[in-house]
Number of protein chains: 2
Amino acid sequence: MDTQIDRKPKPVAAGPDGALIDRARDLAPQFKALSDENRLAIVLLLSERDRTVRELTEATGLAQTLVSHHLAPLRELGLVTVTPQGRSNVYALCCDAFTAPMRALAGLSNATEAAGCDC
Amino acid sequence: MDTQIDRKPKPVAAGPDGALIDRARDLAPQFKALSDENRLAIVLLLSERDRTVRELTEATGLAQTLVSHHLAPLRELGLVTVTPQGRSNVYALCCDAFTAPMRALAGLSNATEAAGCDC
DNA sequence: TGCCATCAACAGTAGATACTGATATTACTT
DNA sequence: AAGTAATATCAGTATCTACTGTTGATGGCA
């Protein structure tokens, strides 16, 4: 805890594949944000239209606290934006730059379903 | 078993957004598989070309055990395929439908850099 | 046949995080 | 001003998972 200096020997990829390793480091958090089914549900709901926390709570059936809890990391990653409106907070997807490849992967879901990748 | 990625059974969303919720449930495991930076690095490396476990171990600088450990869930999700070749196991991305988006992500500029979404 | 290389599976541990209930904060309403 | 609706934050717990070291299994090679 205090005796050990947390020097994670993440030797900063230096090989010819260093760029890819770095890219993975940069992109992983984005995927992680979508790796939870509840957070992904929220993002998919927002891909339809902007919604307030209350709407998200109703649509998902989750506790308000939990919805808010999941929105926090999405916010900090810049995947969603907040716009106070009245006493509600309207959430929206950030942009397409990241969601475009996501859509491509999303379309893959049917293919890989049941591990039946028939390509 | 850390290879299990599925979660506890949820009460099957029944609202008008049930389809989206279900879709999130189906899709989350895929994103989860890519949410770890080491696993994502492996996938990105495989998007370049097929590689043996040894090659992946060298390219990532990870312990062989860890690489094998990460390959297991990718295998079970059907995201990668294995082809024994001599005493090596050659891994490859499941299909082009999956390779294409991953290539796109691998070649993605630093535009989506953390919180730097300027849209 | 012994030896080595390659890879996967088996515990065990440390750290992360999803979820809950309670509380604080802000903005609208009457 | 008081009340209420809408969100966010604060602990606390339980679960999950990434990582390690070791062991086991399999396929070439001398």
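Letters A, B, ... are given to chains in the order of the sequence lines, protein chains preceding strands, and every chain is numbered from 1.
- Across the protein-nucleic acid pair, L62(B) atom CG and dA18(D) atom P stand 13 Å apart, rounded to whole Å.
- Taking only side-chain nitrogens and oxygens, N38(B) never comes nearer than 4.0 Å to OP1 or OP2 of dA18(D).
- Across every non-hydrogen atom of T81(B) and L93(B), the tightest pair is OG1-O, 4.3 Å.
- Of the candidate nucleotides dT7(D), dA8(C), dA18(D), dA18(D) has the atom nearest to the side chain of D36(B).
- At dT17(C), one or more side-chain N or O atoms of K32(A) fall inside 4.0 Å of OP1 or OP2 (strictly under the cut-off).
- In this structure, I42(A) places its CD1 atom 12 Å from C1' of dA18(C), rounding to the nearest Å.
- For the pair S88(B) and dC7(C), the criterion of a side-chain N or O lying under 4.0 Å from OP1 or OP2 is met.
- Contact annotation: side chain of Q64(A) to base of dA6(D), donor-acceptor pair absent below 3.5 Å.
- Atom-to-atom, CZ of R54(A) to C1' of dA27(C) comes out at 16 Å; the value is rounded to the nearest Å.
- The base of dT22(D) is paired with the side chain of T65(B) by a donor and an acceptor separated by under 3.5 Å.
- Distance CG (L74(B)) to P (dA18(D)): 10 Å, rounded to an integer number of Å.
- As rounded to whole Å, 6 Å separates atom P of dT20(D) from atom CG of L66(B).
- The phosphate of dA8(D) (OP1 or OP2) has a side-chain N or O of N89(A) nearer than 4.0 angstrom.
- Note: CG (L71(B)) to P (dC19(D)) measures 13 Å, nearest angstrom.
- A heavy-atom distance below 4.5 Å is found between the side chains of L40(A) and L27(B).
- In this structure, L56(A) places its CG atom 14 Å from C1' of dA8(D), rounding to the nearest Å.
- With I42(B) as the fixed residue, the side chain to side chain contact (heavy atoms under 4.5 Å, CB included) test singles out one of D36(B), L79(B), L56(B), V80(B): L56(B).
- Not one side-chain nitrogen or oxygen of H70(A) sits closer than 4.0 Å to the OP1 or OP2 atom of dT17(C).
- Rounded to the nearest 0.5 Å, atoms CZ (R23(A)) and CD (E37(B)) are 14.5 Å apart.
- Taking 4.0 angstrom as the limit, Y91(A) places a side-chain polar atom (N or O) nearer than this to OP1 or OP2 of dA8(D).
- For the pair R87(A) and H69(A), both in contact range of DNA chain C, the more 5′-proximal nearest nucleotide belongs to H69(A).
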Run the salt bridge (charged side-chain N to carboxylate O under 4.0 Å, His left out) test on R25(B) and D22(B) for me, step by step, so that the C-alpha distance in whole Å, both residues' side-chain angles and the decisive distance to 0.1 Å come before the verdict. CA-CA 5 Å; R25(B) 240 198 297 280; D22(B) 292 342; 3.0 Å; yes

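- Heavy atoms of S68(A) sit under 4.0 angstrom from at least one base atom.
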